[in-house]
Amino acid sequence: MDHFIYRDGRLMAEDVALEDIAATVGTPVYVYSTATLLRHFRLFDAALEGLPHTVCFAVKSLSNQAILTLLSREGAGMDVVSGGEYARARAAGVPGERIVFSGVGKTREEMRLALEGGLRQVNLESEPEMRVLSEVAHSMGVEVPVTVRVNPDVDAKTHPKIATGLSQNKFGVPIARAREVYAEAARLPGLRVVGIDVHIGSQLTDLAPFEAAYRKVADLTEVLRADGHAIERLDLGGGLGIPYTRSNEVPPLPLDYGALIKRTVGHLGCEIEIEPGRLIAGNAGILLSRVVYVKRGEGRDFLILDGAMNDLIRPAMYDAWHDIVPVTEPAAGAPTRAFDIVGPVCESGDTFAREREMPEVGEGDLVAFRSAGAYGAVMASEYNSRPLVPEVLVDGDQFAVIRPRPTFDEMIARDTLPPWL
Ligand SMILES: *Cc1c(COP(=O)(O)O)cnc(C)c1O
């Protein structure tokens, strides 16, 4: 459910007409709904009621300071995967004890930054990383709470580029080797084992892979406890999927996911952490874009938009589907026509949809890409020297630019000439 609906023939973001945002800020532009973000965060929080828990928003899905500040004030923790994300979370006022640090390639500098600033735990992804963290923490005279991310070898049945829980993926240590790795972690100075971490992938539309993974984690909890480790936290990762199209897929609800967690690991007396990103941010954002040209091709017609793959790369990168709807509501029963919907970037990969049935839209009309809040703006680039796409946050009847569009001069001024030129 989201807060982008038609009212009096105009697509709204809460109580703001998207055409008003386009008129003020220009296009393309991302627009986020405060009410949707809060609603989704609270759904997860409520789904785990009864268990001690922290919902750590996956910062990588949508990392604007305004969004992090909003969620932090709701009590959200944060899951960060880089020094930059750690810095963002802290700058948004998230206390260190609510930040978990994940990621396969943490550097010494990133570790130091987080240890100085404070954090809840580091999720270790490999033995070499574990040894380096031990060295860094020990040299700083601190003891850092750690979990080891185990790879349960479970098929998440999602797009291969976002599956992370199979033995062929680069993430975590094989669950079969967990006892050895935990034994070493317990011996190393500067580390304090506190729990187990698992994250099997993103955009999961079925609970079965979660169930398989969490059962393995529950078994491992008993085994590691018997080995003498204090397993008191389980970080169960993120990955719950969202409906990208209103027609077929109906992913499970956070409430069902919460019930599954209670059923599989609830009896262990552990504090639960989850790291949802997409389900909180995805349907809380749209990408607003304008039709530049309608081009009649041979055998196919093109809608050429002012938004492009550099603004929203998901279709090009993951073959992702986004519903694309006109901002002016089409009349009921209005005829549709198939278009290839493309951006202006100079490569054929800059295609959002092929043969997509659309109501008649013309040059100058606005369209909205739905479900674009997660892995949208954060993956945007300035390819083709298209200034970084701006972001707007709506709350009720007010809206504010939360990241402005750079001018050409600002974009160019970031480059510097070497002294010999
Ligand atoms: C990407 C990621 C998440 C968030 O995944 P979503 O599908 O957005 O919920 C959580 N934890 C880790 C470790 C991740 O890499």
Side-chain angles (χ1 to χ4, degrees), residues 37 40-41 43-45 47-48 54-63 67-68 71 76-82 84-86 89 98-106 110 119-126 129 146-152 154 156-166 169-173 195-207 209-210 213-214 217 233-244 249 251-254 257-258 261 272-285 314 317-318 320 371-379:
L37 284 162
H40 291 163
F41 172 75
L43 282 176
F44 277 111
D45 209 28
L48 293 180
T54 309
V55 179
C56 295
F57 177 61
V59 171
K60 75 175 194 274
S61 66
L62 175 59
S63 57
I67 306 296
L68 302 188
L71 292 172
M78 302 281 156
D79 169 52
V80 304
V81 294
S82 71
E85 286 191 356
Y86 178 83
R98 293 211 305 251
I99 300 176
V100 301
F101 199 162
S102 306
V104 289
K106 303 174 200 82
E110 289 176 316
L119 82 174
R120 178 177 182 78
Q121 88 211 14
V122 173
N123 295 332
L124 295 167
E125 299 242 12
S126 67
E129 183 200 21
V146 296
T147 71
V148 175
R149 174 166 175 183
V150 293
N151 185 323
V154 164
K157 302 214 164 58
T158 182
H159 190 282
K161 283 185 187 162
I162 49 175
T164 60
L166 280 169
N169 301 132
K170 67 181 175 180
F171 300 96
V173 303
I196 306 172
D197 173 43
V198 70
H199 170 75
I200 55 173
S202 195
Q203 186 52 17
L204 274 70
T205 52
D206 179 5
L207 287 180
F210 286 116
Y214 296 171
V217 167
R233 291 183 198 166
L234 299 178
D235 183 334
L236 300 175
L240 200 57
I242 62 171
Y244 277 99
E249 299 177 323
L253 300 171
Y257 175 67
I261 289 174
I272 302 300
E273 297 158 354
I274 55 170
E275 306 168 341
R278 190 187 307 273
L279 202 143
I280 291 178
N283 287 327
R314 298 192 65 263
M317 183 126 99
Y318 311 113
S371 311
Y375 307 103
V378 287
M379 286 189 166

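Just so it is clear, the values below take in all heavy atoms, side chains as well, and ignore hydrogens, waters and symmetry mates. Note that ligands are numbered from 1 as they come in the structure, with each ligand's atoms numbered from 1 the same way. On a predicted model such as this, the values are computed, not experimentally measured, just so you know.
Annotation: Gly201 places no N or O atom under 3.5 Å from an N or O atom of ligand 1; distance criterion only. On a distance-only criterion, Arg149 and ligand 1 share no N/O pair closer than 3.5 Å. Ligand 1 has an N or O atom lying under 3.5 Å from an N or O atom of Gly277, backbone or side chain. Checking only distances, Ser102 never comes within under 3.5 Å of ligand 1, N or O to N or O. Backbone and side-chain nitrogen or oxygen atoms of Arg278 are examined, and one is located within less than 3.5 angstrom of a nitrogen or oxygen of ligand 1.
Residues satisfying the salt bridge (charged side-chain N to carboxylate O under 4.0 Å, His left out) test with Glu110, not counting sequence neighbours, are none. Contacts of Phe210 classified as ring pair (Phe, Tyr, Trp, His ring centres under 6.0 Å), with partners at least two apart in sequence or in another chain: Tyr214, Tyr257.
Note: Tyr86 and Phe101 have parallel aromatic rings, judged against thresholds of 30 and 60 degrees for the angle between ring planes.
Taking every heavy atom of Pro276 and a limit of under 4.0 angstrom, the matching atoms of ligand 1 come to 9 (O). The distance from ligand 1 to the heavy atoms of Tyr375 drops below 4.0 Å at these ligand atoms: 1 (C), 4 (C), 5 (O), 6 (P), 8 (O). Of all atoms in ligand 1, numbered sequentially from 1 with element shown, those under 4.0 Å from a heavy atom of Ala58 are 3 (C), 4 (C). Of all atoms in ligand 1, numbered sequentially from 1 with element shown, those under 4.0 Å from a heavy atom of Lys60 are 1 (C), 2 (C), 3 (C), 4 (C), 14 (C), 15 (O).
Minimum interatomic distance between Ile200 and Val154 (heavy atoms only, all atoms of both residues): CD1-CG1, 4.3 Å. Leu279 and Ile242 make their closest contact through CA-CG2, 3.5 Å (heavy atoms, listed as atom of the first residue, atom of the second, distance).
Only the side chain of Asp79 comes within 4.0 Å of ligand 1, counting heavy atoms alone; its backbone N, CA, C and O stay farther away. For Glu275, heavy-atom contacts with ligand 1 shorter than 4.0 Å involve the backbone as well as the side chain.
Tested against Val59, the residues Val80, Ile99, Ile67, Val378 include a single side-chain contact (heavy atoms from CB on, under 4.5 Å) partner, Val80.
Arg149 places a side-chain heavy atom less than 4.5 Å from the side chain of His199.
Of the protein's non-hydrogen atoms, Ser202 OG, 2.3 Å is the one closest to atom 7 (O) of ligand 1.
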Legend entry - Verdict with supporting geometry, Leu71 and Ile280, side chain to side chain contact (heavy atoms under 4.5 Å, CB included): CA-CA 10 Å; Leu71 292 172; Ile280 291 178; 4.3 Å; yes

